[in-house]
Colleague: 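The structure under discussion is supplied below as structure tokens; questions concerning it will follow.
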Amino acid sequence: MTQFTHKGSTVFDSEFERSLFDLRKSKLEEIEKLGQPAYPNQFPASHTVPEVRAKWGEATAEALEASRVTVAVAGRIMAIRGQGKAGFATLQQNGERLQIYVRLDAVGEQDFALYKLLDLGDHIGVSGYLFRTRTGELTIHVERLTFLAKAMLALPEKFHGLADVELRYRQRYVDLFTNLDAREVFVKRAKILKALRQFFDERGYLEVETPMMQQIPGGAAARPFTTHHNALDLDLFLRIAPELYLKRLVVGGFDRVYEINRNFRNEGVSTQHNPEFTMLEFYQAYANYHDLMTLTEELIAFVAQEVNGTTITNFGGVEIDLSKWTRLTMREAIIKFWPAQVADPPSWTSFADRQEFITCLRNALNKINPIVDERFEEWVRGGQKPDKDFRVTEHVIFEDSDLAELRIALAFIVGMMEAGKVTLGSAIAHLFETVSERHLIQPTIIYEFPTAVSPLSKQKPDDPEWVERFEFFCGGFELGNAFSELNDPVEQHKRFAQQLAERDRGDDEAHQMDEDYVRALAYGLPPTAGEGIGVDRLVMLLTGSKSIRDVILFPLMRPEKQLP
RNA sequence: GAGCUCGUAGCUCAGUAGGUAGAGCAACGCCCUUUUAAGGCGUGGGUCCUGGGUUCGAGCCCCAGCGAGCUCACCA
């Protein structure tokens, strides 16, 4: 404890805090002199604050006076108001508040001396009887006061709470008891997890846990984190997805499995990405992607109803009805959201012909801006990413920034294709993301994906260039991804080999070869459909949180200070 | 990784035209036995994110760095 007060300690931010800490320590000594331990180890409460509110929240002053209800309650002091030889304080417990009234002639000299030594943030226990004040507030008329623990640091400003976003994330423990809205998000998050489990448990799915440390990080296109096992002298990767293990379990005879756990992807952070995030994945034998579309619609509506009591959620000022879904193929979605007033969309046949697709996009580029720009052309030919000057210039030229974005994206796609750096399939997927994704505010299922970007999905029987896969979107971002699982070991081996070729071309997120997974398939995977849902994003949607960091208790932050 | 914005007391925020820093809450002392963003009187509290530069003089202007938010990129 003495270490705390040394200068240079990381605990204190200032001289103010250090002196406050010392002051609180001397108050603790005073409290001990009153016969109360500084750090007692229990308090026998008769009710929690929420229980008191639930039971007597509506009781009238007369009823309380007649029955003289006695309670013992513990909580943290969130407001304290002296009143000479009496005083009020507000206790908070489990996110709810209850006022207490302490007066000298009711508690006696000793307990009143204790009351005077209390500070904001302290934990206390009280016993007494319920009554209503003149203004009608339910209050405990305290008869005995028990000290429980001291706050040695100053609480944030009581009216605004902790407002600094950075501090809220870094010191979530303060955020949670000062901003009850923040607390509510995480209570709701727990309810969402519970509802998800209920949904799958009721349908005969088995909850399982598969390795987070993997030797071959597979099941998604992402860069992994690396780690090392000392005793085995083995490099390992934190998983980017549980997918390949869950399908091994289906091979093993668990027809319906689900896992809710963390994935780790070594990528940037944004309002929709945190390097570690929670993923729900589930697999169902004897089903295909159409079955999962229906299941997904039921699941999302069910969870919303369980958690919010309604399927309507408000996100970014827009009302989203999670019971009303639209289904579009990827190709339909590109054409639907294409700015047709400016240029013709890609023709249907161009989706199957690389050269025709390039020609279509070239034509569109020329219509969007017929002015020849040397730098632009050079850039298109090179298939390079835009530099900042270029982007800024584009924004000046185009009044409509969406069009400017579209032009850049088209140029990038055309450039990459002409340079032979990208397949037709991934160009189409890229075009979809550029043109359509931001418009998918209301619940939408996008199905039929290019085979080239779906190394683990089963092809459409009548068209091997496309797979039985869908993603679903709400609020303008992707929530989940599902497909009929590829269960032909020969085809799977071929796809992995193609991914290896992509890797050789410089795509370090292309899938790696997993021989054991192919072997598992060789034992026979029944026809199976599987799906992954980003739980954090689902929580965002159902709590109206615009940033993923608002639904993750301790989001990743850069270190605040240089560590010695 | 890029652009924009922000960083002032423990917290929430002002800070004019470049003239050496303020309020409320919190803290400390006193008064107050039904208050509730209690109130009244008084007191203390600052590396103005860090380091340079311009200037007679910088919280303010310039450069670099650190941290954060948003947007984009990466990425589902």
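These numbers come from the heavy atoms of this one structure, side chains and all, not from hydrogens, waters or symmetry mates. Every chain is numbered from 1, with letters handed out A, B, ... down the list of sequences.
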Colleague: Can a side chain N or O of A/Thr133 be found less than 4.0 Å away from OP1 or OP2 on B/rU35?
Modeller: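 No.
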
Colleague: Look at A/Lys27 together with A/Glu30 and state whether they make a salt bridge at an N to O cut-off of under 4.0 Å.
Modeller: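 A/Glu30 and A/Lys27: not salt-bridged.
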
Colleague: Should A/Val185 and A/Asp550 be marked as a side chain to side chain contact (heavy atoms under 4.5 Å, CB included) after you check the CA-CA gap, both sets of side-chain angles, and the distance that decides it?
Modeller: CA-CA 8 Å; A/Val185 166; A/Asp550 289 325; 5.7 Å; no

Colleague: On a plain distance test, is the side chain of A/Asp164 in donor-acceptor contact with the base of B/rU12 below 3.5 Å?
Modeller: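 By the distance-only test, no, there is no pair.
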
Colleague: Which nucleotide wins on minimum distance to the side chain of A/Phe16, given the candidates B/rA37, B/rG44, B/rG69?
Modeller: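 Shortest atom-to-atom distance from the side chain points to B/rG44.
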
Colleague: Would you call A/Arg537 and A/Glu471 a salt bridge, using N to O less than 4.0 angstrom?
Modeller: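 So A/Arg537 does not pair with A/Glu471 through a salt bridge.
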
Colleague: For the base of B/rU34, is there a side-chain donor-acceptor partner from A/Arg134 under 3.5 Å away?
Modeller: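 By the distance-only test, no, there is no pair.
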
Colleague: Which is true for A/Glu137 with a 4.0 Å heavy-atom rule: it touches a base, it touches only sugar-phosphate, or it touches nothing?
Modeller: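 A/Glu137: base contact, heavy atoms under 4.0 Å.
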
Colleague: What interatomic distance, in whole Å, is found between P of B/rG18 and the corresponding atom of B/rC4?
Modeller: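 Result for the P pair: 23 Å, nearest Å.
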
Colleague: Send over the distance from A/Leu130 CG to B/rU34 C1', rounded to a whole Å.
Modeller: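 It is 15 Å, rounded to the nearest whole Å.
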
Colleague: Using atom C1' in both nucleotides, what's the gap between B/rG69 and B/rC61 to the nearest angstrom?
Modeller: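 Here B/rG69 and B/rC61 have their C1' atoms 25 Å from each other.
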
Colleague: When you match A/Val269 and A/Gln99 each to their closest nucleotide on RNA chain B, which lands nearer the 5' end?
Modeller: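 Nearest nucleotide further toward 5': that of A/Gln99.
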
Colleague: If each of A/Leu556 and A/Glu478 is mapped to the nucleotide of RNA chain B with the nearest heavy atom, which maps nearer the 5' terminus, i.e. the 5' end?
Modeller: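 First, find each residue's nearest nucleotide; the 5'-ward one identifies A/Leu556.
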
Colleague: Which value, rounded to the nearest 0.5 Å, describes the distance between A/Arg262 atom CZ and A/Met279 atom CE?
Modeller: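 One finds 13.5 Å between CZ of A/Arg262 and CE of A/Met279.
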
Colleague: Determine the contact category for A/Arg168: base if any of its heavy atoms lies under 4.0 Å from a base atom, sugar-phosphate if only primed atoms, P, OP1 or OP2 are that close, otherwise nothing.
Modeller: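 Counting heavy atoms under 4.0 Å across all strands, no contact is made by A/Arg168.
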
Colleague: Does the pair A/Arg189/A/Asp536 count as a salt bridge with the N-to-O cut at 4.0 Å?
Modeller: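 Yes, A/Arg189 and A/Asp536 are salt-bridged.
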
Colleague: Does the side chain of A/Arg549 get closer than 4.0 angstrom to OP1 or OP2 of B/rA68 through an N or O atom?
Modeller: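 Looking at the OP1 and OP2 atoms of B/rA68, neither is under 4.0 Å from any side-chain N or O of A/Arg549.
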
Colleague: Please check if the side chain of A/Ser457 supplies one atom and the backbone of A/Glu468 the other of a donor-acceptor pair under 3.5 Å.
Modeller: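 No, because the side chain of A/Ser457 does not come within donor-acceptor range (under 3.5 Å) of the backbone of A/Glu468.
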
Colleague: Could you measure between the two P atoms, the one in B/rA64 and the one in B/rG42, and give it in whole Å?
Modeller: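 One P to the other, the span is 49 Å.
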
Colleague: Base, sugar-phosphate, or nothing for A/Arg24, non-hydrogen atoms under 4.0 angstrom?
Modeller: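 Sugar-phosphate: the residue A/Arg24, judged by heavy atoms under 4.0 Å, touches backbone atoms but no base.
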
Colleague: Please classify the nucleic acid contact of A/Gly161 as base, sugar-phosphate, or nothing, using heavy-atom distances under 4.0 Å.
Modeller: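 Sugar-phosphate, backbone atoms only, no base.
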
Colleague: Output the single nucleotide from B/rG67, B/rA26, B/rA73 whose closest atom is nearest the side chain of A/Ser270.
Modeller: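 Nucleotide nearest to A/Ser270's side chain: B/rA73.
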
Colleague: Suppose we define a pair by two distances each less than 3.5 Å, Watson-Crick or G-U wobble; what does B/rG67 pair with here?
Modeller: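 Checking every strand shown, B/rG67 finds its partner in B/rC6, with both distances under 3.5 Å.
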
Colleague: Among B/rC75, B/rC74, B/rU33, which nucleotide sits nearest the side chain of A/Ala222?
Modeller: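 Among B/rC75, B/rC74, B/rU33, the one nearest the side chain of A/Ala222 is B/rC75.
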
Colleague: Give the rounded distance in Å between these two atoms: NZ of A/Lys150 and C1' of B/rA27.
Modeller: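 From A/Lys150 NZ to B/rA27 C1': 12 Å.
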
Colleague: According to the Watson-Crick and G-U wobble definitions, with both distances under 3.5 Å, which nucleotide is paired to B/rG57?
Modeller: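 Matched B/rG57 with nothing under the 3.5 Å cut-off.
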
Colleague: Look at the side chain of A/Phe88 and decide which nucleotide, out of B/rA37, B/rC75, B/rU35, has an atom nearest to it.
Modeller: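 Side chain of A/Phe88 sits closest to B/rU35.
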
Colleague: Tell me the partner of B/rU33, counting only Watson-Crick (N1-N3 plus N6-O4 or O6-N4) or G-U wobble (N1-O2 and O6-N3) with both under 3.5 Å; none if nothing fits.
Modeller: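 In the structure as shown, B/rU33 has no Watson-Crick or wobble partner.
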
Colleague: Take atom C1' in B/rC49 and the same atom in B/rG59, then report the distance between them in whole Å.
Modeller: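 Between the two C1' atoms, the distance is 12 Å.
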
Colleague: Once you apply a heavy-atom cut-off of 4.0 Å, does A/Leu104 come out as touching a base, just sugar-phosphate, or nothing?
Modeller: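 No contact at all - A/Leu104 keeps every heavy atom at 4.0 Å or more from the nucleic acid.
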
Colleague: Does B/rC72 have a Watson-Crick or wobble mate here (both distances under 3.5 Å), and if so which one?
Modeller: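 Its partner is B/rG1 (Watson-Crick or G-U wobble, both distances under 3.5 Å).
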
Colleague: Whole Å only: how far is the CG atom of A/Leu155 from the P atom of B/rC11?
Modeller: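 For the pair A/Leu155 CG and B/rC11 P, the rounded distance is 12 Å.
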
Colleague: Using the C1' atom as the point on both nucleotides, what is the distance between B/rC48 and B/rC31, in whole Å?
Modeller: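 That atom pair is separated by 36 Å.
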
Colleague: Between A/Glu243 and A/Lys247, is there a salt bridge with N-O shorter than 4.0 Å?
Modeller: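 Looking at A/Glu243 together with A/Lys247, the answer is yes, because their closest N to O distance falls below 4.0 Å.
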
Colleague: Students often get this wrong, so: under 4.0 angstrom with heavy atoms, is A/Ser547 touching a base, only sugar-phosphate, or nothing?
Modeller: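 Sugar-phosphate, backbone atoms only, no base.
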
Colleague: Of the listed nucleotides (B/rG67, B/rC75, B/rG69), which one gets closest to any side-chain atom of A/Arg170?
Modeller: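 The closest nucleotide is B/rG67.
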
Colleague: Give a yes/no answer on whether the side chain of A/Lys27 brings an N or O atom under 4.0 Å of OP1 or OP2 in B/rC28.
Modeller: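 Checking B/rC28 against A/Lys27, a side-chain N or O does come within under 4.0 Å of OP1 or OP2.
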
Colleague: For B/rA58 versus B/rG19, give the span between their C1' atoms, rounded off to a whole number of Å.
Modeller: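 Their C1' atoms lie roughly 10 Å apart.
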
Colleague: Considering every strand shown, what is the Watson-Crick or G-U wobble mate of B/rG42 when both distances are under 3.5 Å?
Modeller: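 Its partner is B/rC28 (Watson-Crick or G-U wobble, both distances under 3.5 Å).
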
Colleague: With both distances kept under 3.5 Å, what pairs with B/rA23, Watson-Crick or G-U wobble?
Modeller: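 B/rU12 - that is the nucleotide pairing with B/rA23, both distances being under 3.5 Å.
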
Colleague: Say we look at B/rG3 and B/rU16: how far apart would their C1' atoms be, to the nearest angstrom?
Modeller: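 Roughly 30 Å separates the two C1' atoms.
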
Colleague: Could you state the CG-C1' distance from A/Asn179 to B/rA37, rounded to the nearest angstrom?
Modeller: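 Result: 15 Å.
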
Colleague: Would you say the side chain of A/Leu456 lies within less than 4.5 Å of the side chain of A/Phe496, judging by non-hydrogen atoms?
Modeller: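 The answer is yes, as the side chains (C-beta and beyond) meet within the 4.5 Å cut-off.
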
Colleague: Which part of the nucleic acid does A/Arg132 contact within heavy-atom distance under 4.0 Å: base, sugar-phosphate only, or nothing?
Modeller: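 Answer is nothing: A/Arg132 stays at 4.0 Å or more from every strand.
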
Colleague: Base, sugar-phosphate alone, or nothing: which one does A/Thr271 contact when heavy atoms must sit under 4.0 Å apart?
Modeller: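 The answer is sugar-phosphate, as A/Thr271 gets under 4.0 Å only of primed atoms, P, OP1 or OP2.
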
Colleague: Out of B/rA68, B/rG10, B/rA27, which nucleotide sits closest to the side chain of A/Met557?
Modeller: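 Looking only at side-chain atoms, A/Met557 lies closest to B/rA68.
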
Colleague: Just checking A/Arg558: base, sugar-phosphate only, or nothing, at a heavy-atom cut-off of under 4.0 Å?
Modeller: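 Counting heavy atoms under 4.0 Å across all strands, the contact made by A/Arg558 is with sugar-phosphate only.
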
Colleague: Send over the distance from A/Glu15 CD to B/rA9 C1', rounded to a whole Å.
Modeller: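 Roughly 13 Å, once rounded to whole Å.
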
Colleague: Of the candidate nucleotides B/rU35, B/rU71, B/rA27, which contains the atom at the shortest distance from the side chain of A/Asp119?
Modeller: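 Given the options B/rU35, B/rU71, B/rA27, the side chain of A/Asp119 is closest to B/rA27.
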
Colleague: Are A/Glu259 and A/Arg239 ion-paired here, with the side-chain N under 4.0 Å from a carboxylate O?
Modeller: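 So A/Glu259 pairs with A/Arg239 through a salt bridge.
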
Colleague: Taking atom P in both B/rG7 and B/rC60, compute the distance separating them and give it to the nearest angstrom.
Modeller: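 Each nucleotide's P atom is 11 Å from the other's.
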
Colleague: Whole angstroms only, please: what is the CG-C1' distance between A/Leu120 and B/rA37?
Modeller: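 Value for this atom pair: 12 Å.
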
Colleague: In this structure, how many angstroms lie between the C1' atom of B/rU71 and the CZ atom of A/Arg438, rounded?
Modeller: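 A/Arg438 atom CZ is separated from B/rU71 atom C1' by 12 Å.
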
Colleague: Determine the contact category for A/Ala79: base if any of its heavy atoms lies under 4.0 Å from a base atom, sugar-phosphate if only primed atoms, P, OP1 or OP2 are that close, otherwise nothing.
Modeller: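 Answer is nothing: A/Ala79 stays at 4.0 Å or more from every strand.
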
Colleague: For A/Tyr129, is the NZ or CZ atom of A/Arg68 found under 6.0 angstrom from the centre of its six-membered ring and inside 45 degrees of the ring axis?
Modeller: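 Ring-cation test returns yes.
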
Colleague: Check whether the side chain of A/Gln83 and the base of B/rU34 form a donor-acceptor pair under 3.5 Å.
Modeller: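 Such a pair does not exist between side chain and base.
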
Colleague: Measure from CG on A/Asp175 to P on B/rU12 and round the result to the nearest Å.
Modeller: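 It works out to 11 Å between those atoms.
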
Colleague: Please work out if A/Phe477 contacts a base, only the sugar-phosphate, or nothing of the nucleic acid, heavy-atom cut-off 4.0 Å.
Modeller: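 Since no nucleic acid heavy atom lies under 4.0 Å of A/Phe477, the category is nothing.
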
Colleague: Mind checking A/Glu157 for me? I need base, sugar-phosphate or nothing, with any heavy atom below 4.0 Å counting as a touch.
Modeller: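 Base contact.
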
